[in-house]
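None of the values given here were measured: they were computed from a predicted structure. Computation of the quantities below employed the complete heavy-atom set of this structure, encompassing side-chain atoms and omitting hydrogens, waters and symmetry-equivalent molecules.
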Amino acid sequence: RKSRRAQDQPTFLKRVWPWSPSPRHPVGISALPPFMAPLGLHNWAGNLQYSASKLHEPRSTEEVQEIVRRSASVRVLGTRHCFNAIADAEELLTLAQLKGVVCMDVAAGQVTVWGGTTYGELCLVLEARGLALHNLASLPHISVAGAVATASHGSGQHNGNLATAVAGLQLVTGRGKVVELHEDEDPGALHAAVVGLGCLGVVTQLTLRVEPSFSMRQRVFDGLFLSMLSQERLDSVLGAGYSVSLFTSWRPAAVGSDDVEFRVWLKQRQAGSESRGQHRWSTVEQLTQGADAPLGGCIECGEKQHVYKGMDPTTCTDQSCVGPWCDRLPHFSFDFEPGFGDELDSEYFVPRASAAEALRAVHAVAPTIVPFLLVSEIRSIAADSLLLSPHGERHVGADGSVALHFTWRKQEAEVMTQVLPVLERALEPFEARPHWGKLFAMTRERLEQLYHGALGEFRSIMQQYDPEARFRNQWVEATIGSAEPSGSEAMGSDRPHSRAKIVPAAAEGVAGIRAGRPKAAGA
């Protein structure tokens with residue numbers, strides 16, 4: 001596609017839902033003449049065609065402001081790795097022309113980037129300066145702003161989700177105002193807005209905490225079985241490295257067996273570079289031998305592995321030697337551009353304290369999920385204080401959460417109607433919360449219960465930042481809901497976010513931003 005600032009079609013078309021009435025998971029559009037069709041943009045998985053009739057590609061914050069002010073319905077389109085309709089709207093805005101580093105403060109341990117920057121692009125800059133992020137997701141091709149907005153994550157009992165690295169945000173609100181939030185000025189406001197689901201505005205810049213670069217070694221082991229996993233043993237396995245993932249198909253480990261095998265991907269920080277989660281298991285022998293060895297009975301794989309057993313591992317990160325953090329934390333290498341995926345994703349988060357029991361609940365419904373499953377991944381995430389984070393301490397406790405991820409065959413109707421309702425019922429006793437950007441079948445009423453009042457708080461914040469509801473769509477209405485418009489909830493009212501800095505449009509120029517850390521006029 002040839003890049004243009006905006007692509008127009010004469011009509012905005014609403015989808016039809018051939019198998020489900022839920023606006024969270026529309027899967028197609030009605031057959032209409034070509035001149036009436038939307039742009040034809042679809043997400044990475046190809047299960048969702050966006051219904052937008054216009055795509056904007058602004059090249060400055062001022063252009064973002066102008067677009068927002070004249071749009072009735074607009075959402076930001078990132079790298080399209082969401083599997084539901086969270087990003088859909090009458091008009092879409094991409095930050096593909098707003099990427100790169102704005103400024104770097106090494107002494108403060110912070111870097112400010114444009115919202116369209118991908119983690120892979122940022123990693124190259126940081127590593128060249130001897131700096132690092134605390135963690136990365138499995139795929140480095142996703143955008144920083146999009147990953148943060150949905151609380152996407154890597155793994156590690158001491159590692160928070162990617163949004164926990166955010167020290168500041170700059171966003172354009174529903175009225176086209178530029179607002180800045182910084183943790184050193186109003187941490188409560190930032191923590192309430194950072195996992196914003198695209199509902200509060202266009203995040204044009206993010207300030208992230210960084211640390212000195214570190215080296216890692218990645219290893220893969222076979223031979224861990226569900227029958228071995230008491231809660232204590234599971235904690236030990238997931239804590240055996242800086243970042244640990246368990247992969248399984250949930251199929252019987254052998255003919256006639258009721259047990260399930262897990263493959264362990266272990267990523268360890270090397271000696272002298274530990275900043276959290278000190279690990280005493282530095283050798284394969286220490287990991288696999290001895291009464292308290294976390295991987296006792298496991299065997300290290302002799303060859304490079306893919307997350308899907310038997311697939312060509314060329315696209316995966318190195319598993320043979322020590323290397324930089326950015327080449328070991330992701331499962332997949334930034335050197336390989338991902339094509340469109342023939343898969344669908346769901347993910348649920350349970351309190352770490354009940355994770356072993358939750359795994360057995362999934363095992364109990366394995367006959368239902370296995371026919372549609374490609375692979376499942378188990379990871380751990382530290383607790384945090386972000387309002388809409390599924391890992392919030394108010395929801396999961398101080399020990400954080402364990403993620404149960406499912407990669408499905410591309411059979412969305414069956415997954416949505418036959419599989420997810422069964423899986424969600426099995427996980428209901430553990431108050432499992434879904435990943436905001438993936439497929440789930442939960443009702444808003446259930447989400448209200450799981451978030452213990454946080455959705456109501458967030459609806460008030462949405463009204464404050466976006467009183468004309470420009471950033472709300474059918475997914476938001478069905479999942480989060482919306483507050484009734486009220487003059488008392490306009491920006492600048494006496495609310496928790498009233499200390500947010502509003503930058504006058506005339507004072508907020510790109511040249512000034514590039515010169516240093518963004519500040520409001522007169523600050």
Asker: Quick test of your reading: applying side chain to side chain donor-acceptor pair (under 3.5 Å), list the pairs with at least one residue in residues 117-126, sequence neighbours left out, ordered by first then second residue.
Answerer: Lys99-Glu121, Thr118-Glu121

Asker: May I have the step-by-step check of salt bridge (charged side-chain N to carboxylate O under 4.0 Å, His left out) for Glu303 and Arg219, ending in yes or no?
Answerer: CA-CA 10 Å; Glu303 298 179 347; Arg219 292 184 170 98; over 6 Å; no

Asker: Centre-to-centre under 6.0 Å for His153 and Phe349, is that the case here?
Answerer: yes

Asker: Compare all side-chain heavy atoms of His395 with those of Ser389 and state whether any distance is below 4.5 angstrom.
Answerer: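 Answer no - side chains too far apart.
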
Asker: Using the six-membered ring of Phe214, assess whether NZ or CZ of Arg269 lies under 6.0 Å from its centre and within 45 degrees of the ring axis.
Answerer: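 Yes, a cation-pi geometry.
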
Asker: Between Glu347 and Arg433, is the closest basic N to carboxylate O distance under 4.0 Å?
Answerer: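 The answer is no: the pair does not qualify as a salt bridge.
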
Asker: Indicate whether any N or O donor in one side chain lies under 3.5 Å from an N or O acceptor in the other, for Arg209 and Gln110.
Answerer: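 Note: Arg209 and Gln110 side chains miss the donor-acceptor criterion.
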
Asker: In sequence, state the C-alpha distance, the side-chain angles, and the governing distance for Glu183 and His191, and then conclude on side-chain hydrogen bond (donor to acceptor under 3.5 Å, both in side chains).
Answerer: CA-CA 8 Å; Glu183 65 176 358; His191 291 177; 4.8 Å; no

Asker: Determine, step by step, whether Ser227 and Asp259 satisfy the side-chain hydrogen bond (donor to acceptor under 3.5 Å, both in side chains) criterion, reporting the C-alpha distance in whole Å, the side-chain angles of both residues, the deciding distance to 0.1 Å, and the verdict.
Answerer: CA-CA 6 Å; Ser227 58; Asp259 213 346; 2.5 Å; yes

Asker: For the pair Thr164 (side chain) and Asn161 (backbone), establish whether a donor and an acceptor sit closer than 3.5 Å, ignoring hydrogens and angles.
Answerer: yes

Asker: Any salt bridge linking Arg75 with Asp88? Criterion: basic side-chain nitrogen under 4.0 Å from a carboxylate oxygen.
Answerer: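 Asp88 and Arg75: not salt-bridged.
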
Asker: Short question: side chain of His306, backbone of Tyr308 - any donor-acceptor pair under 3.5 Å?
Answerer: yes

Asker: For Cys123 and Leu136, which heavy atoms make the closest approach, and how far apart are they?
Answerer: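 Looking at all heavy atoms of both residues, the shortest contact is SG-CD1, 3.7 Å.
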
Asker: Nearest 0.5 Å please: distance from the CD atom of Gln411 over to the OG1 atom of Thr417.
Answerer: 10.5 Å

Asker: Please assess Thr317 against Gln218 for the test side-chain hydrogen bond (donor to acceptor under 3.5 Å, both in side chains), listing each intermediate value before the final yes or no.
Answerer: CA-CA 9 Å; Thr317 47; Gln218 180 175 211; 3.1 Å; yes

Asker: Decide yes or no on side-chain contact (heavy atoms from CB on, under 4.5 Å) for His435 and Ser152, but give the supporting numbers first.
Answerer: CA-CA 8 Å; His435 190 297; Ser152 294; 3.3 Å; yes

Asker: Check whether the side chains of Asp345 and His405 place a donor and an acceptor atom closer than 3.5 Å, and report yes or no.
Answerer: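 Distance-only check passes for Asp345 and His405.
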
Asker: What heavy-atom pair brings Ser243 and Leu329 nearest, and what distance separates the two atoms?
Answerer: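 For Ser243 and Leu329, the tightest heavy-atom pair comes out as CB-CD2, 4.1 Å.
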
Asker: What is the distance from atom OG of Ser333 to atom NE2 of His141, rounded to the nearest 0.5 Å?
Answerer: 7.0 Å

Asker: Which value, rounded to the nearest 0.5 Å, describes the distance between Trp44 atom CH2 and Asn47 atom CG?
Answerer: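 One finds 10.5 Å between CH2 of Trp44 and CG of Asn47.
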
Asker: Search all heavy atoms of Pro371 against all heavy atoms of Ala366 and return the closest pair with its distance.
Answerer: CD-O, 4.4 Å

Asker: Run the side-chain contact (heavy atoms from CB on, under 4.5 Å) test on Phe334 and Leu124 for me, step by step, so that the C-alpha distance in whole Å, both residues' side-chain angles and the decisive distance to 0.1 Å come before the verdict.
Answerer: CA-CA 10 Å; Phe334 188 59; Leu124 295 175; 4.2 Å; yes

Asker: I'd like to know whether Leu224 forms a side-chain contact (heavy atoms from CB on, under 4.5 Å) with Leu229, so could you lay out the CA-CA distance, the side-chain angles of the two residues, the decisive distance to 0.1 Å, and finally the verdict.
Answerer: CA-CA 8 Å; Leu224 182 71; Leu229 293 179; 4.0 Å; yes

Asker: For Thr204 and Gln170, test the side chains for any donor-to-acceptor distance below 3.5 angstrom and give the result as yes or no.
Answerer: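 Yes, because at least one side-chain N or O of Thr204 sits under 3.5 Å from a partner of the opposite role on Gln170.
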
Asker: Within a radius of less than 6.0 Å around CZ of Arg233, do more than 12 heavy atoms belonging to other residues, nucleotides or ligands occur?
Answerer: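 Correct, the count exceeds 12.
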
Asker: Count the heavy atoms belonging to other residues, nucleotides or ligands that lie under 6.0 Å from CD1 of Ile299, then report whether that count exceeds 12.
Answerer: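 Check fails, neighbour count at 12 or below.
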
Asker: Taking Ala355's backbone N and O only, do any of them form a donor-acceptor pair with Arg360's side chain (distance below 3.5 Å, no angle check)?
Answerer: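 Absent.
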
Asker: Can you check whether Thr94 reaches Val76 side chain to side chain, under 4.5 Å on heavy atoms?
Answerer: no

Asker: Can you tell me if Glu261 and Thr248 form a side-chain donor-acceptor pair at under 3.5 Å?
Answerer: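 Distance-only check fails for Glu261 and Thr248.
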
Asker: For Glu357, look at atom CD and say whether over 12 heavy atoms of other residues, nucleotides or ligands are found less than 6.0 Å away.
Answerer: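 Check fails, neighbour count at 12 or below.
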
Asker: When rounded to the nearest 0.5 angstrom, what is the spacing between CD in Glu343 and CZ in Arg409?
Answerer: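 Glu343 CD to Arg409 CZ: 11.5 Å, rounded to 0.5 Å.
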
Asker: Ignoring hydrogens and angles, state whether a donor on the side chain of Trp265 or Gln319 is under 3.5 Å from an acceptor on the partner side chain.
Answerer: no

Asker: Backbone N or O of Ala441 within a donor-acceptor pair of the Glu424 side chain at under 3.5 Å?
Answerer: yes

Asker: Do Thr112 and Thr207 have side-chain N/O donor and acceptor atoms under 3.5 Å apart?
Answerer: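 Yes, Thr207 and Thr112 have a side-chain donor paired with an acceptor closer than 3.5 Å.
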
Asker: Between Arg446 and Glu431 (salt bridge meaning N to carboxylate O under 4.0 Å), is one present in this structure?
Answerer: no

Asker: Is there a donor-acceptor contact under 3.5 Å from the side chain of His452 to the main chain of Leu450?
Answerer: yes

Asker: Using side-chain contact (heavy atoms from CB on, under 4.5 Å), reason through Asp222 and Phe262 one step at a time and then give a plain yes or no.
Answerer: CA-CA 7 Å; Asp222 280 333; Phe262 295 89; over 6 Å; no

Asker: Give a yes or no on whether the backbone of Val402 and the side-chain of His391 come within a donor-acceptor separation of less than 3.5 Å.
Answerer: no

Asker: Which pair of heavy atoms, one from Ala147 and one from Leu162, lies closest together, and at what distance?
Answerer: CB-CD1, 4.0 Å

Asker: Determine the minimum heavy-atom distance between Val350 and Ala432, stating which atoms define it.
Answerer: CG1-CB, 3.8 Å

Asker: Taking NZ, NE, NH1 and NH2 as the nitrogens, is one of them in Lys438 or Glu412 under 4.0 Å from a carboxylate oxygen of the other?
Answerer: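 No, this pair does not count.
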
Asker: Quick one: does Arg251's side chain have a donor or acceptor within less than 3.5 Å of a partner on Val370's backbone?
Answerer: yes

Asker: Nearest 0.5 Å, what's the CG-CG distance between Leu133 and Asn159?
Answerer: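 Here the interatomic distance stands at 11.5 Å.
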
Asker: So, does Asn43 use its side chain to make a donor-acceptor pair with the main chain of Leu48 at under 3.5 Å?
Answerer: yes

Asker: For Lys304 versus Pro313, what's the shortest heavy-atom pair and its separation?
Answerer: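 Here Lys304 and Pro313 meet closest at CE-O, 3.2 Å.
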
Asker: Counting N and O atoms only, with roles assigned by atom type, does the side chain of Gln289 sit under 3.5 Å from a partner on the main chain of Gln286, one being a donor and the other an acceptor?
Answerer: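 Between the backbone of Gln286 and the side chain of Gln289 there is no qualifying donor-acceptor contact (under 3.5 Å).
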
Asker: Please tell me if the side chains of Leu295 and Val264 come closer than 4.5 Å, counting only heavy atoms from C-beta onward.
Answerer: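 The answer is yes, as the side chains (C-beta and beyond) meet within the 4.5 Å cut-off.
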
Asker: To the nearest 0.5 angstrom, please state how far the OG atom of Ser155 sits from the CG atom of Asn135.
Answerer: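 It is 7.5 Å, given to the nearest 0.5 Å.
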
Asker: Report yes if the distance between the aromatic ring centroids of His134 and Tyr242 is under 6.0 Å, otherwise no.
Answerer: no

Asker: For Leu439, is there any backbone N or O sitting under 3.5 Å from a side-chain donor or acceptor partner on Ser346?
Answerer: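 Such a contact is found between Ser346 side chain and Leu439 backbone.
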
Asker: Mind checking whether Trp436 and Tyr451 have ring centres under 6.0 Å apart?
Answerer: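 Yes, they do, as the ring centres are separated by less than 6.0 Å.
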
Asker: Sorted by first residue and then second, give each salt bridge (Lys or Arg N to Asp or Glu O under 4.0 Å) pair with at least one member in residues 313-330; sequence neighbours left out.
Answerer: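 Those involving residues 313-330 are Asp318-Arg328.
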
Asker: Does a sphere of radius 6.0 Å around CD in Glu232 hold more than 12 heavy atoms from other residues, nucleotides or ligands, not counting ones at 6.0 Å or beyond?
Answerer: no

Asker: Taking the six-membered ring for Trp and the full ring for Phe, Tyr or His, determine whether the centres of Trp408 and Phe83 are under 6.0 Å apart.
Answerer: no

